[in-house]
Amino acid sequence: MTITPTIEAAGAPGVLEKVPLERYVAPERPSLVGLSRAALAEALGGIGVPERERKMRVQQLWHWLYVRGVTDFDAMSSVSKVLRAELARHFTLDRPEVAAEQISVDGTRKWLLTLPGEHPGEKPHLVECVYIPETDRGTLCVSSQVGCTLNCSFCHTGTQRLVRNLTPGEIVGQIMVARDRLGDWLAAAPAKGEGERKRLVSNIVMMGMGEPLYNFEAVRDALLVASDGDGLSLSRRRITLSTSGVVPQIARAGAEIGTMLAISLHAVRDELRDELVPLNRKYPIKELLDACRNYPGLSNARRITFEYVMLKDVNDSIADAKALVRLLKGIPAKINLIPFNPWPGSRYECSDWEQIEKFSQVVFDAGYASPVRTPRGRDILAACGQLKSATEKLSVRERMALRAMAMTD
Ligand code: SAH
Ligand code: SF4
């Protein structure tokens with residue numbers, strides 16, 4: 001596959017972005033998962049449902065799909081038998097297929113999902129979706145692309161060559177798969193009080209494989225379905241979209257999606273950020289922070305999360321910590337220090353724990369609460385930046401190296 005360098009800054013040769021070469025080709029019988037209400041009404045019109053009935057039918061389908069999570073049209077008891085048969089003749093309720101499930105010692109679950117390739121006979125693509133249970137919430141880490149068009153130097157996903165944008169159905173489908181596997185749908189006849197039962201999947205982070213703002217329309221449409229109060233009902237305040245800094249799309253995300261925002265900052269100087277997050281050569285730190293300041297609805301209760309991966313002797317000095325605090329002054333912000341998750345062939349090491357603590361103390365003293373998060377699911381390679389589908393298989397040697405790394409904390 002050809003990789004097109006779109007920008008080569010002087011003195012910093014290398015690929016900034018890859019081009020997504022693969023296209024999604026819809027199957028003959030497409031799935032209804034992920035369609036907006038308008039698209040669903042149109043699909044119904046296409047199979048002869050009269051206009052005057054469509055709104056009501058859409059409401060019924062929406063409930064069966066996104067509240068009950070049915071996988072078979074026959075379970076839709078409020079829909080006439082004739083229409084159920086007609087729907088089944090033209091559509092499916094398919095979500096991505098689970099190729100493998102791994103459960104970490106800490107309860108984190110990782111699902112490997114298969115997605116169709118562009119060409120007949122081609123091996124299916126694999127993406128990963130991770131569920132992280134915590135005492136007060138359950139967070140699902142969702143992918144937006146197979147691979148990623150960007151090449152952050154510390155990220156395993158960025159090394160994957162093949163890139164395909166996920167469809168809204170494939171993005172919403174990850175939430176449906178998680179609810180399927182965790183038994184997290186409302187029962188057909190909920191017991192008294194069951195309607196208010198706490199959902200296992202309560203939060204979504206767009207922090208899996210891919211750069212969500214490089215697949216803007218699909219991510220937007222999927223998140224609008226996910227946040228619909230009559231369906232999956234995940235409020236926008238419980239959805240976080242993480243970006244490496246696609247500046248022109250940040251304002252659009254604020255206006256058209258309105259979820260919480262996380263920025264993968266990782267460095268306080270352009271020179272270093274150019275190396276860690278090459279997209280910085282296109283959209284440098286100042287422009288990125290200006291876009292953050294203008295993100296709608298910011299307040300102390302609605303802050304932007306700044307992610308900062310801790311790389312030994314690269315970005316983890318006390319001077320960096322002080323500069324970070326200065327840089328974010330005036331922006332309602334949270335800081336997330338992420339211990340670097342190593343992967344085979346990675347050229348960085350995670351900062352020493354003492355250094356992370358010192359760094360974190362500076363951040364804490366500046367008024368930011370609990371800046372370090374314990375890495376989750378390392379033993380199953382489910383932590384940030386470790387996601388890379390088995391389309392590019394690891395050698396036995398690499399697997400052994402990984403297992404050794406996972407044991408070292
Ligand atoms: N592409 C988006 C979202 C997916 S990456 C983005 O970059 O924001 C999710 C988070 O994991 C980002 O903050 C990313 O910088 C971080 N990350 C990537 N590789 C990592 C690694 N090896 N160790 C720790 N964090 C990593
Ligand atoms: Fe892509 Fe995010 Fe990884 Fe960078 S950190 S390569 S943007 S997935």
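Each ligand, and each atom within it, is numbered from 1 in the order the structure gives. All values below come from the heavy atoms of this structure, side chains included, with hydrogens, waters and symmetry mates left out. One is the number of the first residue; the rest follow in order along the sequence. For clarity, every value in this text was computed on a predicted model and none was experimentally measured.
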Ligand 1 versus [X]: contacting region, heavy-atom distance under 4.0 Å:
X: W343; result: side chain
X: M206; result: backbone
X: T157; result: neither
X: M207; result: both
X: N341; result: both

Requested in this report: Would you sort out whether L241 and L213 count as a side chain to side chain contact (heavy atoms under 4.5 Å, CB included), showing the intermediate values?
Outcome: CA-CA 9 Å; L241 187 151; L213 295 187; 3.7 Å; yes

Those atoms of ligand 1 less than 4.0 Å from some heavy atom in [X]:
X: H266; answer: 13 (O), 14 (C), 15 (O)
X: T243; answer: 6 (C), 8 (O)
X: I338; answer: 24 (C), 25 (N)
X: F340; answer: 21 (C), 22 (N), 23 (N)
X: C155; answer: 18 (C), 19 (N)
X: V309; answer: 23 (N), 24 (C), 25 (N)

Report task. Look only at interatomic distance and state if G208 has a nitrogen or oxygen under 3.5 Å from any nitrogen or oxygen of ligand 1. Result ->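 By distance alone, the answer is no.
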
Query raised in the report: Below 3.5 angstrom, do we get any N/O pair linking C148 and ligand 1?
Result: no

Query - Test item: P96 and V127 side chains (from C-beta on) under 4.5 Å apart, heavy atoms - result: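 No, their side chains stay 4.5 Å or more apart.
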
Query raised in the report: Is the shortest heavy-atom distance from the side chain of F306 to the side chain of I331 under 4.5 Å?
Result: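 F306 reaches I331 side chain to side chain.
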
Query raised in the report: Any chance the side chains of E17 and Y214 put a donor and an acceptor closer than 3.5 Å?
Result: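 Yes - a donor-acceptor pair under 3.5 Å links their side chains.
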
Query raised in the report: Have W64 and Q60 got a donor and an acceptor in their side chains that come within less than 3.5 Å?
Result: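 No, Q60 and W64 have no side-chain donor paired with an acceptor closer than 3.5 Å.
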
Can you list the atoms of ligand 2 that are under 4.0 Å from a heavy atom of [X]?
X: L150; value: 6 (S), 7 (S)
X: S244; value: 7 (S)
X: G158; value: 6 (S)
X: C148; value: 1 (Fe), 6 (S), 7 (S), 8 (S)

Requested in this report: Could you confirm whether C152 has any N/O/S atom lying under 2.8 Å from atom 4 (Fe) of ligand 2?
Outcome: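 Given the 2.8 Å cut-off, C152 counts as a ligand of atom 4 (Fe) of ligand 2.
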
Query raised in the report: What do you reckon, is CD of E217 surrounded by more than 12 foreign heavy atoms closer than 6.0 Å?
Result: yes

Query raised in the report: Is the W343 ring parallel, tilted or perpendicular to the H156 ring (thresholds 30°, 60°)?
Result: parallel

Requested in this report: Compute the minimum heavy-atom distance from E211 to ligand 1 and say whether it is under 4.0 Å.
Outcome: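 Distance cut 4.0 Å: E211 passes for ligand 1.
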
Between [X] (side chain only) and [Y] (backbone N and O only), is there a donor and an acceptor less than 3.5 Å apart?
X: H266; Y: V309; result: yes
X: D270; Y: I285; result: yes
X: D184; Y: L200; result: yes

Report summary line: Closest to atom 1 (N) of ligand 1 by heavy-atom distance, out of S242, S244, S144, G210, is G210

Query raised in the report: So does D290 pair up with K286, basic N to acidic O under 4.0 Å?
Result: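 Yes, this pair counts.
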
Query raised in the report: If you measure from the Lys or Arg side-chain nitrogens to the Asp or Glu carboxylate oxygens, is any gap between E86 and R89 under 4.0 Å?
Result: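 Looking at R89 together with E86, the answer is yes, because their closest N to O distance falls below 4.0 Å.
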
